[in-house]
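I have a structure here, written as structure tokens, and I will follow up with some questions on it.
Since the structure is predicted, the reported quantities are computational estimates derived from the model, not experimental observations. Labels below follow one simple rule: chain letters A, B, ... track the order of the sequence lines, proteins then strands, and each chain is numbered from 1.
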There are 2 protein chains.
Amino acid sequence: MENKREIFHLLMRRFGLLDKNCCSVGNFEISPIQSHILYEIDKQYGPSMQQIAEALAMDITTFSRQIQTLVKLDLVKKTPSSQDKRVSILSLTVQGKFVATSIDHAINSYLDEVFSHMNEFERETVIRSIKLLNEAMSKSTFCCTPLD
Amino acid sequence: MENKREIFHLLMRRFGLLDKNCCSVGNFEISPIQSHILYEIDKQYGPSMQQIAEALAMDITTFSRQIQTLVKLDLVKKTPSSQDKRVSILSLTVQGKFVATSIDHAINSYLDEVFSHMNEFERETVIRSIKLLNEAMSKSTFCCTPLD
DNA sequence: TAATTTTAGTTGCATAATGCAAGTATCAGT
DNA sequence: ACTGATACTTGCATTATGCAACTAAAATTA
């Protein structure tokens, strides 16, 4: 079969660029990493620092500092857990939610535009394929275990 | 339709992790960026600095320094062009070629393992889908133009 | 030919990201 | 109460990043 790495590599680079370009909302210049953090916080329910750091496969010390920045920017709020005073529960502020939603819309509308170059059958096939890939990758023992 | 960003995000993160984990070959601790540089140099024919930097959508100054490191590691060679003495032609050293090939094998065998969780029909569908996606993304006016 | 502008690449900052080691505070088990 | 584990934070030291300013060599123009 043909060289798989080649085609995946190209795909990844394109998404990487999308990530780079997507992330300025209004006055906020958000880095890709910060955008990912907002995304994960928004997705999970009352997550701790550890949970998000692990979801993003990030070193906890680097993550800690990123969160400090996001708190200063008033995009993220840190609330000490009442159950366990060691843990901080992360949540988005109103602004944070706004930024996260804006980025989400920007990326989804970009994806819509990309998919508009396909017919309905292709669209469905591609979506199904990506899901298949995700499942297959999660079954793999080789790499990338931290992801569910 | 469902949230496309979600499934692509997951896929991207997995590949990002693969990139992080793949890149130590023997004694060489290669960063993902360096691995991408080796990959591009290997792919193109007698490329200049600019060409590779642009292919990777990298700032030329950062790239210049990355190349300096790779030259010191004896993975890349810089040859002044005889046609235009301003340009440096990049090539892989024997070691560089070895490292690039090793990484290529590692990633491809990981992908093979991933694809082993599918049947033949699914495999073909997924590969075709990725190609379709690449084509669609290259048609998009929205983002990520530097890529061919 | 000489003067000017462009281009290819390098360096000098200043800033951000990274991760290990070591710290503090809290919790859980004995 | 004592010990060890857990959740984070901070102190470095290293690397990555990109703008501005540089050198050298084309290419363009006069």
Roughly how many Å is it from NZ in B:K20 to P in C:dA17, rounded to a whole number?
14 Å
Phosphate OP1/OP2 of C:dG9 contacted by B:Q50 side-chain N/O (<4.0 Å)
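For B:Q50, the contact criterion (side-chain N or O under 4.0 Å from OP1 or OP2 of C:dG9) is met.
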Starting at CD1 of B:I37 and ending at P of C:dG9, how long is that distance when rounded to a whole Å?
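Taking atom P of C:dG9 as the reference, CD1 of B:I37 is at 14 Å.
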Between A:R123 and A:M118, is there a donor-acceptor pair closer than 3.5 Å when you use the side chain of the first and the backbone of the second?
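Judged by distance alone, yes, a pair lies under 3.5 Å.
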Contact check, side chains of A:M137 and B:L10, non-hydrogen atoms, under 4.5 Å
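In short, these two side chains do not touch, never coming nearer than 4.5 Å.
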Is it true that atom CZ of A:F63 has more than 12 heavy atoms of other residues, nucleotides or ligands lying nearer than 6.0 Å?
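It does: A:F63 CZ has more than 12 such atoms within range.
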Mind checking the NE2-OG spacing from A:H9 to B:S35? Nearest 0.5 Å is all I need.
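The OG atom of B:S35 is 7.5 Å from NE2 of A:H9, to the nearest 0.5 Å.
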Interatomic spacing from CD1 in A:I41 to CD1 in A:I52 - rounded to 0.5 Å:
5.5 Å
Whole-Å distance, B:M49 CE to D:dA24 C1', equals 14 Å
Answer yes or no: does a side-chain N or O of B:T61 lie under 4.0 Å from OP1 or OP2 of C:dT10?
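No, outside the criterion.
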For the pair made of CD1 in A:I33 and C1' in C:dA16, what is the distance, rounded to whole Å?
9 Å
D:dT17 P sits how many Å from B:H36 NE2, rounded?
12 Å
Would the distance check show the side chain of A:S64 and the main-chain N or O of A:I60 forming a donor-acceptor pair, the cut-off being under 3.5 Å?
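Not confirmed, A:S64 side chain does not pair with A:I60 backbone.
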Judged by atom type as modelled, is there a donor-acceptor pair below 3.5 Å linking the side chain of B:R13 to the main-chain atoms of A:A55?
yes
What is the separation between atom CD1 on B:I60 and atom P on D:dA21, rounded to the nearest whole Å?
19 Å
Those residues of residues 63-79 of chain B lying under 4.0 Å from DNA chain D by at least one heavy atom
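Those residues whose heavy atoms fall under 4.0 Å from DNA chain D, taken from residues 63-79 of chain B in numerical order, are B:R65, B:Q66.
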Approximate separation, where rounding is to 0.5 Å, of B:T93 OG1 and B:D74 CG:
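Here the interatomic distance stands at 4.5 Å.
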Using five pairs at each end of the helix from C:dT1-D:dA30 to C:dT30-D:dA1 to define an axis, what is the angle between those two axes, to 10°?
20°
Between A:N108 and B:R5, is there a donor-acceptor pair closer than 3.5 Å when you use the side chain of the first and the backbone of the second?
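Looks like yes, one N/O pair under 3.5 Å.
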Round to the nearest Å and state the distance from A:Q51 atom CD to D:dT6 atom C1'.
14 Å
Might you list the N or O atoms of the protein lying below 3.5 Å from N or O atoms in nucleotides 27-30 of chain C, with each pair's distance?
from, atom 1, to, atom 2, distance (Å)
C:dC27, OP1, A:K85, N, 2.9

For D:dC8, does OP1 or OP2 lie under 4.0 Å from any side-chain N or O of A:S48?
yes
Assigning hydrophobic clusters by single linkage (Ile, Leu, Val, Met, Phe, Trp, Tyr; side-chain heavy-atom cutoff under 4.5 Å), is B:L111 placed with B:Y39?
no
What is the distance, to the nearest angstrom, from the CG atom on A:D59 to the C1' atom on D:dT9?
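Between C1' of D:dT9 and CG of A:D59: 12 Å.
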Derivation of the side-chain contact (heavy atoms from CB on, under 4.5 Å) call for A:I103 and A:H105:
CA-CA 5 Å; A:I103 293 174; A:H105 285 166; over 6 Å; no
